[in-house]
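To start, the structure under review is shown below, and the notes come after it.
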Amino acid sequence: ISVRDVFGIDTDMVVKGFADRSERVPDVDSTYKFDPDTTMAILSAIEALPDTSSTDPQQRNRPYVAAARMALTEAMAERRELHTLRFPQPTSNADAEFSPDGQRILSSDFSQAVLFDAGTGKQIAVLDFHGKKGSYNIHFSPDGKLITAAYLTANGGGAGIWDGRTGAHLTDLSSGVEITGIAFSPDGNQLATAGYDRIIQLWDPASGERLRTLKGHNGAVYGIAFSPDGRVIASAGGDSSVKLWNTSDGQRLDTFGQPTGEQFITAFTPDSRFVVAAGADKQIRLWRWISKTKPAINPLTRVRFAHED
């Protein structure tokens with residue numbers, strides 16, 4: 001195939017391609033932008049490999065060309081760091097996240113959050129916390145139109161909503177306690193927060209209206225996650241339990257009581273078959289999610305030691 005025709009690079013180079021489409025040949029992504037130098041280095045390295053299918057002994061037995069290998073290594077190394085994202089003031093980074101479209105980067109420490117252009121590395125905006133201390137809990141909404149970030153106040157804490165493109169402040173969600181978990185629903189129409197007051201709150205991120213309060217944990221709630229369809233929330237708590245909740249009516253659907261230590265993080269698998277959680281007992285647990293939106297016991301499927309310390 002022609003490198004010029006396929007990759008749009010000004011060269012007469014031709015390389016071998018697959019004759020037939022199979023599971024090993026991905027669909028062409030027309031939106032992907034090829035970097036000419038890196039692409040040429042990779043293609044040159046591939047071309048330098050011995051051709052085991054050729055009937056020509058010289059092609060079958062030719063050595064790997066050192067120059068191509070060096071070109072590939074240098075091209076990849078040069079592109080390992082694209083930009084240095086600089087905060088307005090010297091700081092230590094606490095969290096960072098790409099926007100869903102990959103065009104922006106949100107980064108924060110404990111005093112500020114900054115929105116960057118991923119393509120140029122330039123600062124778009126500094127999120128205004130209105131004198132409050134920033135947090136490591138920062139997230140884009142699924143469509144990238146909104147940003148949420150938790151913050152600390154003299155009386156506890158809360159969370160704010162900002163425009164995901166400009167960084168302009170839109171509204172505040174006043175919870176009154178330090179927020180330890182925050183998550184958007186998959187459709188972006190709900191935002192869940194959780195904290196040291198042992199409760200989970202559901203919000204309308206567009207208006208800042210509190211929709212529902214979920215109570216049942218006997219300790220701080222550290223981690224929360226929506227199911228892929230957005231109808232259920234899993235919560236990981238300091239009471240050594242993981243709980244499931246119906247988002248439409250706030251009903252508690254199940255309590256996973258097997259953990260022996262505080263649980264810090266939980267998630268649903270993308271195929272909606274399992275719920276996973278991990279915590280201070282140094283184990284990762286996997287439960288089969290059979291309850292869906294109705295109360296039921298979800299069986300523990302697997303336990304694995306994760307860390308020694």
Side-chain angles (χ1 to χ4, degrees), residues 93-97 106 108-110 113 132-140 147-153 155-160 173-186 190-203 205 210-228 230 232-247 250 252-269 274-287 289 298 300 303-309:
N93 179 264
D95 198 7
E97 181 173 296
L106 180 63
S108 75
D109 66 359
F110 295 103
K132 307 176 184 72
K133 291 185 177 180
S135 170
Y136 50 82
N137 271 312
I138 57 172
H139 296 288
F140 281 97
I147 289 170
T148 186
Y151 51 71
L152 299 175
T153 66
N155 298 321
L173 313 175
S174 180
S175 69
V177 299
E178 181 180 347
I179 291 177
T180 52
I182 191 167
F184 276 102
S185 61
Q190 293 187 85
L191 179 70
T193 62
Y196 285 108
D197 57 358
R198 308 179 181 185
I199 65 175
I200 302 158
Q201 299 188 80
L202 298 181
W203 309 81
R210 184 186 286 108
L211 302 175
R212 195 164 289 107
T213 299
L214 313 179
K215 298 181 179 180
H217 276 283
N218 293 317
V221 182
Y222 296 115
I224 49 178
F226 281 89
S227 61
V232 173
I233 285 179
S235 58
D239 55 359
S240 303
S241 76
V242 177
K243 300 181 187 295
L244 298 183
W245 313 81
N246 188 316
T247 59
R252 180 152 44 104
L253 304 175
D254 192 15
T255 296
F256 305 155
Q258 294 90 345
T260 58
E262 292 181 303
Q263 296 298 288
F264 300 132
I265 188 170
T266 185
F268 291 85
T269 56
F274 301 96
V275 178
V276 64
D281 55 1
K282 306 175 185 178
Q283 294 181 329
I284 298 173
R285 289 177 171 82
L286 194 70
W287 291 269
W289 182 35
N298 296 273
L300 179 66
V303 180
R304 288 289 183 270
F305 284 97
H307 296 281
E308 295 182 359
D309 53 20

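Here the closest non-hydrogen pair linking Asn218 and Asp239 is N-OD2, 2.9 Å. The two residues Ser235 and Ile224 have their closest heavy-atom pair at CB-CG2, 4.0 Å. Residues Leu300 and Arg285 come closest through the heavy atom pair CD1-CB, 3.9 Å. Residue Val177 comes nearest to Tyr196 through the heavy atom pair CG2-N, 4.3 Å, listed as atom of the first residue, atom of the second, then distance. Minimum heavy-atom separation, Ala267 to Ala225: CA-CB, 4.0 Å. The shortest non-hydrogen separation linking Ala278 to Ile284 is CB-CG1, 4.0 Å.
A distance of 12.0 Å separates CD1 of Ile147 from NE2 of His139, quoted to the nearest 0.5 Å. A distance of 10.5 Å separates CD in Gln283 from CZ in Arg304, rounded to the nearest 0.5 Å. The OG1 atom of Thr260 sits 4.0 Å away from atom CG of Asp281, with the distance rounded to the nearest 0.5 Å. For the atom pair OG1 of Thr148 and CG of Leu106, the computed distance is 10.0 Å after rounding to the nearest 0.5 Å. For the atom pair CG of Leu173 and CG of Leu202, the computed distance is 11.5 Å after rounding to the nearest 0.5 Å. Here the straight-line distance linking atom CD1 of Ile233 with atom CD of Gln190 works out to 7.0 Å at 0.5 Å rounding.
Of the possible donor and acceptor atoms, none in the side chain of Ser241 sits under 3.5 Å from a partner among the backbone N and O of Phe256. Thr266 places a side-chain N or O within 3.5 Å of a backbone atom of Val276 that can act as its donor or acceptor partner. Ser185 places no side-chain N or O within 3.5 Å of a backbone atom of Gly230 that could act as its donor or acceptor partner. Counting only distance, with no hydrogens or angles, the side chain of Asn137 and the backbone of Ala150 share no donor-acceptor pair below 3.5 Å. At least one donor-acceptor pair closer than 3.5 Å links the side chain of Glu97 to the backbone N or O of Phe140.
Of the listed residues (Asn246, Leu244, Val275), just one forms a side-chain contact (heavy atoms from CB on, under 4.5 Å) with Val232, and that residue is Leu244. Exactly one residue among Trp289, Phe274, Phe226 makes a ring pair (Phe, Tyr, Trp, His ring centres under 6.0 Å) with Phe268. That residue is Trp289. Tested against Asn298, the residues Leu253, Thr255, Asp254 include a single side-chain contact (heavy atoms from CB on, under 4.5 Å) partner, Asp254.
A 6.0 Å sphere centred on CD1 of Ile265 holds no more than 12 heavy atoms belonging to other residues, nucleotides or ligands.
The aromatic rings of Trp245 and His217 sit tilted, their planes meeting at an angle between 30° and 60°.
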